[in-house]
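These numbers come from a predicted model, not from an experiment. Residue numbers start from 1 in every chain, and the chains themselves are labelled A, B, ... in the order their sequence lines are given, proteins ahead of strands.
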Number of protein chains: 2
Amino acid sequence: MQRTNLKKLAQELNLSISTVSRALNDSYEIAADTKERVKQKAQELGYEPNPYASGLRSRKSKTIGLVIPEVANNFFSLAIDGVEEIARANDYHVLIYLTHESHEREATIIQHLAGGRVDGILMSVASESPDASHLATLVESNVPLVFFDRVGEGIATARVTTDDYASGYRATEHLVEQGCRRVAYLLISDTLSIGQKRMEGYRAALQAHGLPADAALIVPGTLDRDQNTRRIRELLEQDPAIDGIFASVETLAISSYEACQQLGRRVPEEVKIISFSNLATAAYLNPPLTTIRQPAYEMGKKAAEILFRAISRNRPVLPTQSAELQSTLVVRRSTGG
Amino acid sequence: MQRTNLKKLAQELNLSISTVSRALNDSYEIAADTKERVKQKAQELGYEPNPYASGLRSRKSKTIGLVIPEVANNFFSLAIDGVEEIARANDYHVLIYLTHESHEREATIIQHLAGGRVDGILMSVASESPDASHLATLVESNVPLVFFDRVGEGIATARVTTDDYASGYRATEHLVEQGCRRVAYLLISDTLSIGQKRMEGYRAALQAHGLPADAALIVPGTLDRDQNTRRIRELLEQDPAIDGIFASVETLAISSYEACQQLGRRVPEEVKIISFSNLATAAYLNPPLTTIRQPAYEMGKKAAEILFRAISRNRPVLPTQSAELQSTLVVRRSTGG
DNA sequence: CTGTTAGCGCCTTCAA
DNA sequence: TTGAAGGCGCTAACAG
């Protein structure tokens, strides 16, 4: 079946193409009854505007790009939800891209997006990304960009983050208050500013309590849980005094559980674990996992809102529009059952 | 900065637009050295073809639509991963849409997509969808469609599913073999064929073991965990003999844990729970959750592959291309620690 | 209030 | 092997 377009619609109605177009776009210069007639017919014939034609002409794609490291992760899943919500409210479409923590993939994706496929981009940078030079093309192409959670350095744009330093401090302090004397910090990459900030908080908290802060373990940006587990086990063997683990992502917390189990170290009696995580089932883990929960959904929403403000006003995204949301420490203790 | 287009490129090279276009598309009728020169220059000026112009002209959007109920769910997260993988391998983009189990949203999304924004669609229908009449427009518009996991009835197209009947049977039998005599079946909607098939397997297994099969509880398509928990608690109170729960989605398994905890029913001693789930942490739940794991990632890949085969050959997707993958029963017992 | 006209950037016959 | 020209479907400036 031939798809109905403006031309066909115009013929059926004995009107010109432009009149039909304006009627459908609710132009003020079209008579009310004409509008009605046109819309009626459009409905009848199941008219749906061709997005590529209008995109070409109007230079509006009605689409944003969402670039994230992975999706099998509760934080990003919730964030997607928030983004999609706002996008739909603005009548926009969402293209999703996964970098799998690869800088190269990220650069390729950005390169493509700079070609005008999207009106704006929301992104959380890959842990591998050494710098943000690949994002320069976006700036040149005037494609609005908003970072969320994992920000790129050196790009003057808005960033939606959580209080990484403060929560790193709080998490560490919580472990110390629970009696830990030697706390290890696990992160998957040392190029993420977010991990740095949390580590600063971690260091400061230990220092404030007169404890050494030299047990940081950087697990290279891997998504392989077994490998992470192995490295954590090695750390625990090399440094048997470790009685607290602060994991910056939930997958490292799970690996820590595994490592402790393999070494016969009881959690939480011998080793206490705390983690940044949005796991819905954290309370049902054995033992329950105390977490720092980020407002992932809200971050996705917020980032999208900032982006759409820029898009609709046709203005660049300013660094001053950045927002920092609060994360929450959720303490969960064993029920002893 | 003005985005470079074919015209500009042609001017710089003292060639015609069409020659440049053909060179970039590796046309056989362009001299090798000309191609080289053109590509060099394109690279130099950071030329990126305008997807809306080429989409309009070639009637290829290089984009597929992925329509799923939600994303904060391990099954769909993994599926997205598989889909994205195949899409990128085919140089395609992925538009993501969440129905939040709403039939209305699903219909609106489909309506939009039928307008030519995508070359094909992958979808898992919303639990609310009473029938598939809203998908008729897609068929009319010749937009290839592949269902995965949750299929729509009455549409002649390929579907990628798992062995729902067999796995429903196996799950139930497992509970019976563990000593359960009264097994409840939980599902979020009775309009999903997938839930029906699993229930048939459940019924057959109970029958084969000479047990009654009247404890099915249909929790209306809600994503509200508290509400689900309440309803399950009511079921357990009304029918105290229930000693086994077969949950068709992981969120209902978690609600079952909560309900049992609230009623002081010990799991797994008094009530055993099994669930369809792709939770990475199922082994660490307390008690560990025995699951039927679906090959989510592979399903996403498979569905995308079938779709791309149709797209690249410009032919409709045939029901005969359907695939049924195997799910796995993963038994996890309490470590008694 | 409505119609005519001119492209948006690209691909693709047709002609040279 | 390259160039010229038309048009994909839509929007917007300019007439009337």
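The heavy-atom pair separating B:Thr4 from B:Lys8 by the smallest distance is CG2-NZ, 3.7 Å.
When heavy atoms are screened at a 4.0 angstrom cut-off, B:Leu6 is found touching the sugar-phosphate backbone but no base atom.
Ionic pairing of B:Arg3 and A:Glu140 is not present here: no N-O contact between side-chain nitrogen and carboxylate oxygen is shorter than 4.0 angstrom. Checked for salt-bridge contact, A:Lys41 and A:Glu36 miss the test: no charged N lies under 4.0 Å from a carboxylate O. With respect to A:Lys35 and A:Asp26, a salt bridge is recorded, a charged nitrogen being found less than 4.0 Å from a carboxylate O.
Counting heavy atoms from C-beta outward, A:Lys301 and A:Val83 have side chains that stay 4.5 Å or more apart.
Separating the CG atom in A:Leu9 from the OG1 atom in A:Thr19 is a distance of 11.5 Å, to the nearest 0.5 Å. Atoms OG and CE, from B:Ser124 and B:Met299 in turn, are 7.5 Å apart once rounded to the nearest 0.5 Å. Separation of atoms OG1 (A:Thr108) and NE2 (A:His103) is listed at 9.0 Å; rounding is to 0.5 Å.
A heavy atom lying under 4.0 Å from DNA chain C marks none of the residues of residues 29-39 of chain B. Annotation: proximity of residues 16-26 of chain B to DNA chain C (heavy atom, distance under 4.0 Å) is found for B:Ser18, B:Ser21, B:Arg22, B:Asn25, numbered in ascending order.
The 12-atom threshold is not exceeded at CD of A:Gln40, counting heavy atoms of other residues, nucleotides or ligands nearer than 6.0 Å.
When each of A:Ala53 and A:Tyr28 is assigned the nucleotide of DNA chain C with its nearest heavy atom, A:Tyr28 is the one assigned upstream, toward the 5' end.
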Check your understanding: Can you check side chain to side chain donor-acceptor pair (under 3.5 Å) on B:Tyr97 and A:His93, steps first, answer last?
Key -> CA-CA 8 Å; B:Tyr97 298 91; A:His93 302 255; 2.4 Å; yes
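Between D:dC10 and A:Tyr47, a contact under 4.0 Å exists linking OP1 or OP2 to a side-chain N or O. Contact annotation: B:Arg57 does not reach the phosphate of D:dG6 (side-chain N/O to OP1 or OP2, under 4.0 Å).
At its two ends the helix from C:dC1-D:dG16 to C:dA16-D:dT1 runs along axes set 40° apart, each axis drawn from five pairs and the angle rounded to 10°.
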